[in-house]
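In the text below, chain A, chain B and the rest are named by the order of the sequence lines, each starting its count at 1.
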Protein chains: 2
Amino acid sequence: MAKLSLNYDRSRVPLYIQVASVMRQRIESGRWREGDKISTIEALETEFGVARVTIRQAIEILREEGLLDARQGRGTFVSGKPRERHWLNLANDFDAVVSSVKNNVIRIVHIEEEAQPPILGDNEGTLADAYALLRSVQYNGDEPFAMVNLYLARDLFLRERKRFTHLPALPRIVEMEDVTIRHCYQTVTIGVADPEISERLKIGLGEPTADCRLVLVDDHGVAIYAADFHYHRNCFALRRDLLDRAASGKPSSYRRKAS
Amino acid sequence: MAKLSLNYDRSRVPLYIQVASVMRQRIESGRWREGDKISTIEALETEFGVARVTIRQAIEILREEGLLDARQGRGTFVSGKPRERHWLNLANDFDAVVSSVKNNVIRIVHIEEEAQPPILGDNEGTLADAYALLRSVQYNGDEPFAMVNLYLARDLFLRERKRFTHLPALPRIVEMEDVTIRHCYQTVTIGVADPEISERLKIGLGEPTADCRLVLVDDHGVAIYAADFHYHRNCFALRRDLLDRAASGKPSSYRRKAS
DNA sequence: CTCAATTTGTTCGTATGTATG
DNA sequence: ACATACATACGAACAAATTGA
């Protein structure tokens, strides 16, 4: 492996933190299993191309996290696994989105009844006349795992102000008989925590998040609902079977179509 | 906004880099538009709760990236946007995956004909007898944007060793008449760059990546193909319309089902 | 039991980076 | 621009614990 010091310029993050990240990854991925003795400090020194102290600093970080246990004269051992990750599975169809949201424990932390409109992408419909902004945090027990900025068409918001300020908006919108949802655009990207997200999710500024945008477009082409879900990166996963067309009538297995 | 110094403990990343991340985000998101004069250093000092020099260091980073232009006596201006992001749209069905892979410019960088088997998830089928490991890098022009570790059932690999060592494997597997693909499991998570990825994608160690795992299971329940795609986070996006059931016969709009 | 090899723990000196006021 | 304090990183030497011959 090339010297890390060369890669160092690329990231500006302190070296020992970079090394710790990689080691944590090795434990998570199972490459280093619980109970294993990991390479000696000297070996890691060579592998990563950094000084002894730097390796020790990285080990110290993981020791504080309970992942490593270093014993003088014996070696360094894997003493635990990171908390289970990726327990949140992003819904893969509209019904699943609605029902997953329905059971969420949310806390509305900020409301603007007359907010700046959201910035819409190319194919995300046209803006409504006005929007309300509802900012909420979603909890799993005590742990915040997502922050949501929801731009809700103001006329819809005003119809049930009380309700929208306390409960998830999506199920209510679906219930409205005079609202037809034509499209539900979903975009998943990787973002970084701004001060607001950092504060709400208790993560570091600039740390990555899974950003999931959901835009509902009605039969007039208007984006009546535009929400940005910022998920804690550790809980986020999206799983699907690209060949599961049970609902679509397509064959559930694949053979070549033509020669 | 709370003092940044308070959040600092959470991330261990140098303060001025955190500040730079937030400023970059503001430019990307359009909150600071090109040509705009941004707040004075004094105002930023107050807003972020950090020292003057720290703000200046952050501005210097963005100046090197061509995003900001500081003029003595006038102020600091937004002078550009980050390179267009999220140009890569992850395929949403199996055919799209195959055809997107088909046109990829890849370079195989490492081969193990008898590799350790991959670690499979709960519902990703059973292991084949043996696997070959093919590591490749995908390019967009000169820019590497993804690194792939592909575990390919060894019997398949041996059938066309030459071909598999030069061209994307997936299209070839689909062509094989005696291979039936029953499932194509896809899992998207956020990972971090290990030394290998860091080196291949020219990004910093520990920086986030979009990790997309693809597992093909045949009609015997065997995982004949297990690939981990590690995408550069800036190019990655997943876009879909959760109500687009054109192919499925479901209604293409949504009204409530029952009272 | 002792010795040597191995491995982590500790300390020094030096240079540079980060952050404040 | 300066003075100050602390963090990061290197290399090297030595101390202490463990292991096995």
Side-chain angles (χ1 to χ4, degrees), chain A residues 1-24 26-27 32 35-80 195 198 204-207, chain B residues 1-24 40-65 70-73 76 195 198 204-207:
Chain A
M1 182 49 49
K3 281 218 168 194
L4 271 198
S5 338
L6 299 178
N7 296 359
Y8 186 35
D9 286 343
R10 279 203 282 277
S11 88
R12 301 197 214 230
V13 174
L15 247 188
Y16 70 97
I17 292 173
Q18 300 185 32
V19 173
S21 298
V22 174
M23 290 181 172
R24 195 184 299 104
R26 289 191 180 173
I27 297 172
W32 288 351
D36 277 5
K37 178 179 180 300
I38 70 173
S39 324
T40 67
I41 293 187
E42 300 217 349
L44 294 169
E45 224 174 297
T46 312
E47 185 195 352
F48 286 99
V50 301
R52 182 190 196 77
V53 191
T54 308
I55 297 291
R56 289 185 50 77
Q57 281 171 299
I59 290 177
E60 176 60 20
I61 289 181
L62 299 189
R63 212 186 51 74
E64 283 171 14
E65 294 177 12
L67 304 186
L68 287 181
D69 183 25
R71 300 291 186 84
Q72 193 170 156
R74 294 185 58 200
T76 306
F77 301 82
V78 180
S79 59
S198 163
L205 251 188
E207 277 191 26
Chain B
M1 180 48 49
K3 282 216 168 193
L4 269 199
S5 341
L6 299 178
N7 294 1
Y8 186 35
D9 286 344
R10 276 204 283 278
S11 89
R12 305 197 213 229
V13 175
L15 248 188
Y16 71 99
I17 291 173
Q18 298 186 30
V19 174
S21 298
V22 175
M23 291 181 171
R24 193 184 300 105
T40 65
I41 291 190
E42 296 219 354
L44 293 169
E45 217 175 303
T46 312
E47 185 195 355
F48 286 99
V50 299
R52 183 184 201 79
V53 190
T54 308
I55 297 290
R56 291 186 54 77
Q57 281 171 303
I59 291 177
E60 174 60 21
I61 289 182
L62 300 188
R63 212 188 48 75
E64 283 171 16
E65 294 176 13
R71 300 290 185 85
Q72 202 172 117
T76 305
S198 162
L205 251 190
E207 278 191 24

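As a whole-Å value, the separation of Ile41(A) CD1 from dT18(D) C1' is 15 Å. As a whole-Å value, the separation of Ile17(A) CD1 from dA7(D) P is 13 Å. In this structure, CD1 of Ile59(A) is placed 15 Å from C1' of dT10(C), rounded to the nearest angstrom. In this structure, CZ of Arg12(A) is placed 12 Å from C1' of dG17(C), rounded to the nearest angstrom. Atom CZ of Phe77(A) and atom C1' of dA17(D) are 12 Å apart (whole Å). dT10(C) atom P lies 10 Å from atom CD of Glu60(A), rounded to whole Å. Regarding Arg56(B), its CZ atom lies at a distance of 10 Å from the P atom of dA1(D), rounded to whole Å. Atom-to-atom, CD of Glu45(A) to C1' of dT7(C) comes out at 12 Å; the value is rounded to the nearest Å.
Between the side chain of Ser21(B) and the main chain of Ile17(B), a donor-acceptor pair closer than 3.5 Å is present.
Atoms CZ and CD, on Arg63(A) and Gln57(A) in that order, are 13.5 Å from each other to the nearest 0.5 Å. The line from CG of Leu68(A) to CG of Leu62(A) is 4.5 Å long, rounded to the nearest 0.5 Å. The structure places CD1 of Ile55(B) at 10.0 Å from OG1 of Thr40(B), a figure rounded to the nearest 0.5 Å.
Of the candidate nucleotides dG21(C), dA19(C), dT8(D), dA19(C) has the atom nearest to the side chain of Leu15(B). For Ala51(B), whose side chain is taken as the heavy atoms from C-beta onward, the closest listed nucleotide among dT20(C), dG9(C), dG11(D) is dT20(C). Among the nucleotides dT19(D), dG9(C), dT20(C), the one closest to the side chain of Arg74(A) is dT19(D). Of the listed nucleotides (dT7(C), dG9(C), dA19(C)), dA19(C) has the atom at the smallest distance from the side chain of Tyr16(B).
Residues Tyr16(B) and Ala58(B) come closest through the heavy atom pair O-CB, 3.4 Å.
Pair check for dA1(D) finds none; no Watson-Crick or G-U wobble contact set falls under 3.5 Å.
Not one side-chain nitrogen or oxygen of Thr40(A) sits closer than 4.0 Å to the OP1 or OP2 atom of dT6(C). The phosphate of dT7(C) (OP1 or OP2) has no side-chain N or O of Thr76(A) nearer than 4.0 angstrom.
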Atom pairs, protein N/O to nucleotides 13-16 of chain D N/O, distance under 3.5 Å:
residue	atom	partner	partner atom	Å
dA16(D)	O4'	Gln72(A)	OE1	3.3
dA16(D)	N3	Gln72(A)	OE1	2.9

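One finds a salt bridge joining Glu47(A) and Arg26(A) here, because a Lys/Arg side-chain nitrogen approaches an Asp/Glu carboxylate oxygen to under 4.0 Å.
Dense packing is recorded around CZ of Arg52(B), with more than 12 heavy atoms of other residues, nucleotides or ligands lying under 6.0 Å away.
Comparing Arg71(A) and Gln57(A), the nucleotide of DNA chain D nearest to each residue sits closer to the 5' end for Gln57(A).
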